[in-house]
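This chain uses plain numbering: 1 for the first residue, then up along the sequence. Remember, it's a predicted structure, so these values are computed and weren't measured experimentally. Quick note: numbers below take in every heavy atom, side chains included, and nothing from hydrogens, waters or symmetry partners.
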Amino acid sequence: MTTERLPAIVIVPTYNERFTLPVLVDSLLTEYPNLHLLIVDDDSPDGTGEWARQKERNESRVNVLHRPAKSGLASAYLDGFAWAIERGYEFLMQMDADGSHRIGDVGKLLTCIEADDAVDLVIGSRWIPGGQTRGWGRHRVALSRAGNIYIQLMLGLDISDATAGFRVYRASLLRRLPVKAIESRGYGFQVEMTYKAHRAGASITEVPIVFLERRAGQSKMSADIIIEEFAHVTRWGMQRLISRLYPQRR
């Protein structure tokens, strides 16, 4: 007996995304007729969750995971991963709800991972040839590029955009990653997952994307999040160096 493979699912964490989420959801449903969506809402006070639940009632491809309070980006994705894996999805995509990830690039990422069984993770990269950002100032570009170079050097990653949040995982990779040991709560989650995938021997591919400035609202990036990410990367890098110098301490 054969079992029909489920289509890919896009996991979209939300908090106060009432203006941009409907545009994203309707565009995805129209452009990709076989795609499924999981909206992970942290009890948004602006009505995002209510809109998502109404959409779920009217559209079989939309699912909503409602969480009672704002609990951070990392836990939103981990809860979303667990939900999707439990239901048998093979390809799990991360995507922002603020309009910064282009609908047309979704197909590029999915095609890449679906076409090659050896690929475990595809990252939509701003910093490889063909990738770019629109609406960013020079300071922001320089900060992101410098941060990714630091990550490459400290963690030994051959990845140009380890901080990218637009990506797709194969479920088999997520099953073998120690996700319960994730330390990051915010955007450092992307780096930590990339590093853990690398250490697990995953095949990671980058494809170029165009990253747009968000359409509405304010960025959730803060100095505390940047400091957290820098501290984690530095510590992981030092641990990596020590393990190479003193392998008996592993």
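In this structure, Arg53 does not pair ionically with Glu56, as no charged nitrogen and carboxylate oxygen lie closer than 4.0 Å. Ion pair Arg185/Glu229 not flagged as a salt bridge, since none of the NZ, NE, NH1 or NH2 atoms sits closer than 4.0 Å to an Asp/Glu carboxylate oxygen. By the 4.0 Å N-to-carboxylate-O rule, Asp120 lies close enough to Arg176 to be salt-bridged with it. Remark: Arg67 engages Asp42 in a salt bridge, criterion side-chain N to carboxylate O under 4.0 Å.
The two residues Leu109 and Val168 make their nearest non-hydrogen contact at O-CG1, 3.8 Å. The nearest pair of heavy atoms linking Ala162 to Ile151 is CB-CG2, 4.0 Å. Of all heavy-atom pairs spanning Val122 and Cys112, the tightest one is CG2-SG, 3.8 Å. Nearest approach of Pro13 to Leu73, heavy atoms of both residues: CG-CD1, 4.0 Å. Taking each heavy atom of Asp41 and Gly49 in turn, the nearest pair found is OD2-CA, 3.4 Å. Minimum interatomic distance between Tyr89 and Ala8 (heavy atoms only, all atoms of both residues): CD2-C, 4.5 Å.
Counting only distance, with no hydrogens or angles, the side chain of Arg170 and the backbone of Ile113 share a donor-acceptor pair below 3.5 Å. A donor-acceptor contact shorter than 3.5 Å links the side chain of Lys108 to the backbone of Pro208.
Under the 4.5 Å side-chain criterion, counting only non-hydrogen atoms from C-beta, Leu38 is not in contact with Val62. Here the side chains of Val233 and Tyr195 are not in contact, with every heavy-atom distance at 4.5 Å or above. With contacts defined as side-chain heavy-atom distances shorter than 4.5 Å, the pair Thr20/Asp96 does not qualify.
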Does Glu183 form a side chain to side chain contact (heavy atoms under 4.5 Å, CB included) with Glu192? I'd like the steps, not just the answer. CA-CA 8 Å; Glu183 301 175 60; Glu192 187 168 359; 3.9 Å; yes

Derivation of the side chain to side chain contact (heavy atoms under 4.5 Å, CB included) call for Trp127 and Ser144: CA-CA 9 Å; Trp127 309 129; Ser144 181; 3.1 Å; yes

For side chain to side chain contact (heavy atoms under 4.5 Å, CB included), just list the numbers for Tyr15 and Thr48, CA-CA rounded to whole Å, side-chain angles, deciding distance to a tenth of an Å, and then say yes or no. CA-CA 7 Å; Tyr15 186 77; Thr48 301; over 6 Å; no

Run the side chain to side chain contact (heavy atoms under 4.5 Å, CB included) check on Val210 and Thr133 step by step: do they pass? CA-CA 6 Å; Val210 177; Thr133 62; over 6 Å; no

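Atom CG of Asp158 has 12 or fewer heavy atoms from other residues, nucleotides or ligands within 6.0 Å.
The cationic group of Arg87 lies under 6.0 Å from the six-membered ring centre of Trp83 and within 45° of the ring axis, placing it in a cation-pi geometry.
Gln190 and Thr163 share no side-chain donor-acceptor pair at under 3.5 Å.
Under the side-chain contact (heavy atoms from CB on, under 4.5 Å) rule, Leu37 has a single partner from Ile11, Leu24, Val64, Leu29, which is Leu29. Looking at Lys55, Arg57, Arg61 one by one, the single match for salt bridge (Lys or Arg N to Asp or Glu O under 4.0 Å) with Glu59 turns out to be Arg61.
In this structure, Phe211 has its ring center no closer than 6.0 Å to that of Phe166.
Pairs passing the ring pair (Phe, Tyr, Trp, His ring centres under 6.0 Å) check and including a residue from residues 38-67, sequence neighbours excluded, do not occur.
Using cut-offs of 30° and 60° for the angle between ring planes, the Tyr150 and Phe230 rings count as parallel.
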